[in-house]
> 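Pasting a structure here, questions to come.
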Amino acid sequence: MTRSRVAMLLAMGIDNFGSGLFLPLALLYVTRVIGVPLVEAGTAVTLGTTAGLLMPPLAGRLVDRAGPRTGVLAAQLLQAAGISAYLFAHGIGGVVVAAIMLGAGQQLFYSCLFALISEVAGDVPKDRPFAEVGMVRAGGFGLGGLMSSVLLTWFGDRGYGIALVVDVLTFLAAAGIVAAFIPPGRRFAPVARVRSGVLRNRPYLMLILLSGLFGLSLDFFLIGTPVFVLDRLHAPTWLPGAILFLLTVLTSAGGTVALRLTRGLSRISAMRAGSALFAAWCLASVGVLLVPKSWQVPYLLAATLVFAAGDLVFGPRSGALAEAAAPAEAKGRYLAAFQYAFTVAQVLAPAIVSLFSVAAWLPWVLVGGCACLAALGLGRLGPRLPAAAVAPIQS
């Protein structure tokens with residue numbers, strides 16, 4: 001493994017450790033420490049996420065002109081500034097500014113990350129590099145979340161401030177590693193010379209849409225599981241944390257194993273299998289409503305295994321396919337546009353979670369239906385994408 005690749009994995013682990021420290025505590029910090037009411041706090045954070053929707057087109061041009069390393073560095077510094085703004089916020093106005101800065105930095109980061117992984121990996125199939133980064137980031141985020149619980153236990157409300165300071169330092173440390181050990185990459189063609197726009201590439205747009213249907217399951221899992229488990233099932237308060245911990249362990253350890261076990265599948269076939277597993281997870285989860293209460297905890301932990309399998313099978317393949325199907329002269333813009341699959345899902349997921357107030361089964365049906373549509377649509381999309389991009393891993 002090259003020095004640049006090791007540095008990238010180290011930087012991504014440190015980056016996500018900091019994110020795991022603060023992101024799960026964001027609303028609690030705003031309400032308990034700054035003193036903003038929950039409704040206003042939620043609105044401010046949503047504004048930040050919405051502002052991030054403006055970043056992918058700008059990020060794509062930045063990557064094609066200056067390289068993904070520059071974009072990732074800018075994103076990490078912008079996120080550090082956003083977290084710092086939270087530290088100095090004293091009311092709703094300061095929270096909105098901080099949320100917008102952090103949201104813009106997050107979307108800039110994700111819009112440049114795929115291109116950076118591709119560039120550092122070099123001229124090899126990108127499935128394994130994407131799996132490795134996914135494993136490191138999952139492990140880092142999980143450790144950060146665990147540390148945030150420790151800080152709150154030891155220091156009470158002061159732990160929020162400590163978590164924010166450490167988060168700023170992790171972004172700066174990650175940026176320092178990227179700047180010191182990952183050399184600037186090649187630039188792609190100037191914008192004026194690129195004739196193939198993402199909006200004209202209908203198969204690639206369909207890939208973004210179908211990946212978004214999959215991404216909806218990811219965001220729904222993160223924010224919907226606690227609501228379903230605690231508000232609808234009235235299960236033990238520790239269960240959502242246990243489910244997230246189980247998922248973290250599986251995804252941080254199983255990425256390359258899942259890749260090896262599905263090596264013979266084309267990228268499209270693997271993604272269809274992942275979507276089918278997500279649909280099965282939704283069916284299993286709604287089935288808990290029929291399970292005796294004494295069996296609900298082990299049942300939901302077992303269902304999490306199905307979700308983790310879907311994530312491990314789909315995740316690395318989707319990034320590798322998006323990279324391989326993008327024209328070389330506009331790879332930055334294509335991979336940045338691909339980020340919309342997950343950004344839009346992040347915006348839609350809270351609305352779907354709110355439907356638990358209508359019926360406990362309704363969100364599961366909607367998310368499972370989207371996963372089924374993704375599996376069916378990918379089957380039709382496969383022949384329209386470049387054959388070399390869809391092919392199974394060759395090395």
Side-chain angles (χ1 to χ4, degrees), residues 23-24 26-28 31 37-47 49-50 209-247 250 272-311 313-314 340-378:
L23 290 183
L27 281 177
L28 291 174
T31 55
L38 180 60
V39 173
E40 295 179 16
T43 301
V45 173
T46 301
L47 281 174
T49 303
T50 304
L209 173 62
L210 296 174
S211 297
L213 295 178
F214 173 88
L216 181 62
S217 297
L218 295 173
D219 286 293
F220 178 76
F221 175 90
L222 292 175
I223 66 173
T225 295
V227 175
F228 180 66
V229 168
L230 299 180
D231 289 355
R232 309 306 299 176
L233 298 181
H234 306 291
T237 55
W238 54 262
L239 183 55
I243 290 174
L244 182 58
F245 177 76
L246 176 61
L247 178 68
L250 294 171
R272 295 186 74 191
S275 297
L277 285 167
F278 269 14
W281 166 70
C282 289
L283 181 61
S285 296
V286 76
V288 76
L289 296 172
L290 306 176
V291 172
K293 196 167 186 65
S294 60
W295 285 91
Q296 286 181 347
V297 170
Y299 182 94
L300 288 173
L301 291 173
T304 303
L305 300 179
V306 180
F307 179 90
D311 189 17
V313 171
F314 190 104
Y340 273 122
F342 306 101
T343 304
V344 174
Q346 188 178 22
V347 173
L348 293 177
I352 294 179
V353 172
S354 69
L355 295 176
F356 277 128
S357 62
V358 178
W361 54 266
L362 183 55
W364 297 111
V365 171
L366 291 176
V367 175
C370 287
C372 290
L373 287 175
L376 294 173
L378 286 166

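For reference, positions follow the sequence shown, starting with 1.
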> Give the minimum heavy-atom separation between P240 and P236, together with the two atoms involved.
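In terms of heavy atoms, the two residues are closest at CD-O, 3.8 Å.
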> I'd like to check the side chain to side chain contact (heavy atoms under 4.5 Å, CB included) partners of A302; sequence neighbours left out, ordered by chain and number.
none
> Taking side-chain hydrogen bond (donor to acceptor under 3.5 Å, both in side chains) as the test, write out the residues that go with W281, two or more places apart.
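For W281, the residues satisfying side-chain hydrogen bond (donor to acceptor under 3.5 Å, both in side chains) (neighbours in sequence not counted) are S285.
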> Which atom names give the shortest non-hydrogen contact between A279 and G368, and what distance separates them?
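So the two residues come closest at CB-O, 4.0 Å.
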> Once you round to the nearest 0.5 Å, how far does CG of D231 lie from CZ of F356?
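Taking CG in D231 and CZ in F356, the distance rounds to 9.5 Å.
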> Any idea which heavy atoms bring L378 and S275 closest together, and the distance?
CD1-OG, 4.1 Å
> A side-chain contact here means heavy atoms from C-beta on lying under 4.5 Å apart; do V286 and V365 qualify?
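Counting from C-beta outward, V286 and V365 never come under 4.5 Å.
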> Taking only distance into account, with no hydrogens and no angle test, what donor-acceptor pairs under 3.5 Å do side-chain atoms of residues 217-229 form with protein atoms, sequence neighbours excluded?
unit_1: T225; atom_1: OG1; unit_2: F221; atom_2: O; d: 2.7

> Not counting sequence neighbours, which residues clear side chain to side chain contact (heavy atoms under 4.5 Å, CB included) with T50? List them please.
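Once residues adjacent in sequence are excluded, the partners of T50 under the side chain to side chain contact (heavy atoms under 4.5 Å, CB included) criterion are T46, L53.
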> Do you know the tightest heavy-atom contact between A41 and T31?
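Heavy atoms only, the tightest pair is CB-CG2, 4.0 Å.
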> Evaluate the criterion side-chain contact (heavy atoms from CB on, under 4.5 Å) for residue pair L300 and L233; output intermediate values, then yes/no.
CA-CA 11 Å; L300 288 173; L233 298 181; 3.7 Å; yes
> Just grab all the side chain to side chain donor-acceptor pair (under 3.5 Å) pairs involving residues 286-306, residues at least two apart or on different chains.
none
> S211: what forms a side-chain hydrogen bond (donor to acceptor under 3.5 Å, both in side chains) with it, not counting sequence neighbours?
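Checked S211 against side-chain hydrogen bond (donor to acceptor under 3.5 Å, both in side chains); zero matches.
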> So which heavy atom on A360 is nearest to which on R232, and how close?
CB-NE, 4.1 Å
> So which atom in C370 and which in L213 form the shortest heavy-atom distance, rounded to 0.1 Å?
O-CB, 3.6 Å
> Checking L305 now: which residues fulfil side chain to side chain contact (heavy atoms under 4.5 Å, CB included) with it, not counting sequence neighbours?
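If we apply the side chain to side chain contact (heavy atoms under 4.5 Å, CB included) test to L305, skipping adjacent residues, the hits are L246, L250.
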> Please identify each residue that fulfils ring pair (Phe, Tyr, Trp, His ring centres under 6.0 Å) with F278, with sequence neighbours left out.
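Expected list: F214, F307.
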> Could you list the residues that satisfy side chain to side chain contact (heavy atoms under 4.5 Å, CB included) with A280, not counting sequence neighbours?
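So A280 forms a side chain to side chain contact (heavy atoms under 4.5 Å, CB included) with V306.
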